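These notes concern the structure reproduced below.
Both counts, for ligands and for their atoms, begin at 1 and track the order of listing. Sequence positions, counted from 1, serve as the residue numbers for this chain. Remember, predicted model here, so these are calculated numbers, not experimental data.
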Amino acid sequence: MHSRYLTALLLAFPAFSAPSEKTFTRDVWPILQARCVTCHQPDAVAPMAFTSYKEVRPWSRAIREAVVSRAMPPWHATKASAHVFRNDRSLSQAEIDTLTGWIDAGSPEGPAVEIGTSVPSDSKWHLGKPDLVIQVPGVHVPKTGVQPYTFLIVPVHIEHDTWVRAAEFCIDQRSLVHHINAFVREPGSSYLTDFPRNEIFVPTVAERGKKRAGEAVFARRQLLLGYEPGYEPMPWLQGGAKLIKAGSDIVFEMHFNPNGKEAVDHSELGLYFAAEAPAQRVLAIDTLRDLDLQIPPQDPNYLSKASMTLGRPARLLSVQPHMHVRGRSMEVRAIYPDGHTEMLLSVPKYDFNWQTTYVLKEPLNLPAGTVLESVAGFNNSPNNAFNPDPAATVHWGDQTTEEMHIAFLELVIEAAANPEVLFASK
Ligand code: HEC
């Protein structure tokens with residue numbers, strides 16, 4: 001049939017499209033429930049809730065724009081990244097088409113059926129009852145103002161070296177917590193030794209950096225778990241665990257974003273012990289970084305490079321790019337001993353509001369001698385709306401006026417191996 005005729009026919013009989021008309025209850029709600037409401041529900045990170053037709057309807061236009069531009073759900077890795085991520089939040093084209101089709105049809109509600117359990121049950125612990133819960137005793141968050149990085153050291157009180165197969169944050173004030181990192185500090189570590197336990201404090205950069213000459217990387221501190229909005233609790237790896245040595249402390253590093261509501265945060269960290277010693281050990285490292293970055297004034301795309309060579313075989317579990325407000329892009333690659341290169345993660349439009357950990361669906365084998373390389377792009381021009389001072393030459397530092405370039409990695413090695421051997425070669 002002639003295509004122009006077909007179009008005319010369809011226009012003449014709009015009822016033809018009725019059977020496939022998208023409705024809220026049938027087509028849209030399942031997508032919102034699966035993809036949006038973890039953040040778009042009362043007291044979660046997003047400023048508006050999408051838990052009923054009444055709430056969603058006025059946002060139709062904004063939703064259309066947000067999903068077509070892929071601004072929502074927030075997810076910044078491109079498909080050019082070589083690997084599939086198990087926490088990929090991005091919508092499929094079919095999901096986008098369903099949402100836009102519904103909005104273009106006037107956002108009909110459809111049959112007024114019960115839409116079921118409106119919000120996925122937010123029982124306190126997603127991974128079940130923890131073996132041990134560590135509490136953050138009330139951090140006061142004022143109504144307004146930029147909050148400093150706030151620290152707290154809590155003893156774990158375990159008498160034996162303990163393998164932890166998973167950990168989960170139960171965040172109290174989810175609209176106020178920008179991120180929380182929990183580090184394990186082994187006995188004898190030089191990390192923050194001048195500060196008391198069980199008291200909230202704000203150390204200087206120098207105090208945070210103080211370390212003993214020649215101290216082993218993992219003996220000083222190890223990242224156990226990071227929380228950022230949208231984080232989904234999950235065990236690290238079947239048959240893999242992180243090690244907490246007897247007598248260790250947990251060091252919490254917390255950042256809050258005041259939003260006009262004064263509150264006291266009582267977040268908790270739950271630990272799940274492995275039933276037996278695991279075959280594999282999961283390690284978090286922060287050594288793929290460029291401490292020497294020096295961003296010239298006005299430079300719209302300064303590139304900072306970092307690399308490290310693996311001293312022993314390992315498997316890669318996750319990558320988390322970290323920069324501050326001038327950060328614009330990050331790429332992380334593997335250069336294998338046979339010379340071929342693979343893109344592991346490409347984040348062309350970095351957004352410092354989203355400290356996303358990109359978790360590989362299948363851990364990636366990296367032979368000894370693999371070079372891991374990260375390239376971070378920074379925008380120090382006035383065109384960067386978040387740039388506090390385009391006239392500044394910017395160096396490494398943990399204030400947001402300074403910069404960082406770290407690709408945090410989680411690697412897996414045999415449980416019995418000495419983790420320091422990862423860094424054996426340069
Ligand atoms: C990981 C958390 C998260 C998820 C998942 C998420 N959002 Fe959002 N959303 C936010 C936050 C935070 C904001 C407010 C800040 C911003 O705009 O970035 C927001 C803002 C929005 C806005 C307002 C944008 C504007 O124009 O002001 C829309 C529309 C939106 N989200 C739609 C969606 C839809 C539709 C989904 C699911 C398909 C979704 N979001 C999933 C966190 C999330």
With heavy-atom distances below 4.5 Å as the criterion, would you say the side chains of T23 and E109 are in contact?
no

Distance from atom 26 (O) of ligand 1 to nearest protein heavy atom, with residue and atom
A62 CB, 4.3 Å

I want to check a possible cation-pi pair here: R328 against Y350, using under 6.0 Å from ring centre and within 45° of the ring axis as the test.
no

Using a distance threshold of 4.0 Å (strictly less than), state whether atom 15 (C) of ligand 1 has a protein heavy-atom neighbour.
no

Proximity winner for atom 20 (C) of ligand 1, if only heavy atoms of Q33, M72, E65 are counted
M72

For atom 24 (C) of ligand 1, is the nearest protein heavy atom under 4.0 Å away?
no

Nearest 0.5 Å, please: how far is CD in Q280 from NZ in K242?
14.5 Å

Below 4.5 Å, heavy atoms only, C-beta onward: do R64 and W102 meet side chain to side chain?
no

Any chance NZ of K261 has more than 12 other-residue heavy atoms, nucleotides or ligands included, within less than 6.0 Å?
yes

For F50, take its heavy atoms, then give the atoms of ligand 1 lying under 4.0 Å from any of them.
30 (C), 32 (C), 33 (C)

Heavy-atom contacts with I63 under 4.0 Å: which atoms of ligand 1 show up? List them by number with element.
29 (C), 35 (C)

Which is closest to atom 28 (C) of ligand 1 by heavy-atom distance: A66, S175, S60?
A66

So does L127 get a backbone contact from the side chain of E168, meaning a donor-acceptor N/O pair under 3.5 Å?
yes

Could you walk me through whether R221 and E186 pass side-chain contact (heavy atoms from CB on, under 4.5 Å), step by step?
CA-CA 7 Å; R221 61 168 209 178; E186 294 183 359; over 6 Å; no

Would you kindly specify which portion of P47 sits under 4.0 Å from ligand 1, judged on non-hydrogen atoms: side chain, backbone, both or neither?
side chain

Sub-4.0 Å protein heavy atom next to atom 30 (C) of ligand 1:
yes

CA sep, side-chain torsions, deciding dist, call: V251, L152, side-chain contact (heavy atoms from CB on, under 4.5 Å)
CA-CA 6 Å; V251 179; L152 174 73; over 6 Å; no

Between D88 and K361, is the closest basic N to carboxylate O distance under 4.0 Å?
no

I'd like the name of whichever of S90, A34, A46, C36 reaches closest to atom 34 (C) of ligand 1 through any heavy atom.
C36

At what distance is the nearest protein heavy atom to atom 4 (C) of ligand 1, and which residue and atom is it?
C39 SG, 3.4 Å

Applying a heavy-atom cut-off of 4.0 Å, say which part of W354 lies close to ligand 1: side chain, backbone, both or neither.
side chain

Under 4.0 Å from a heavy atom of R35: give me the atoms of ligand 1 that qualify, with their elements.
5 (C), 37 (C), 41 (C)

Answer yes or no for atom 9 (N) of ligand 1: protein heavy atom present at a distance under 4.0 Å?
yes

Pairs of nitrogen or oxygen atoms closer than 3.5 Å, one from H40 and one from ligand 1: do any exist?
yes

Closest approach of P73 and L91, non-hydrogen atoms and distance?
CD-CG, 3.6 Å

Measuring from non-hydrogen atoms of M48 to any atom of ligand 1, is the shortest distance under 4.0 Å?
yes

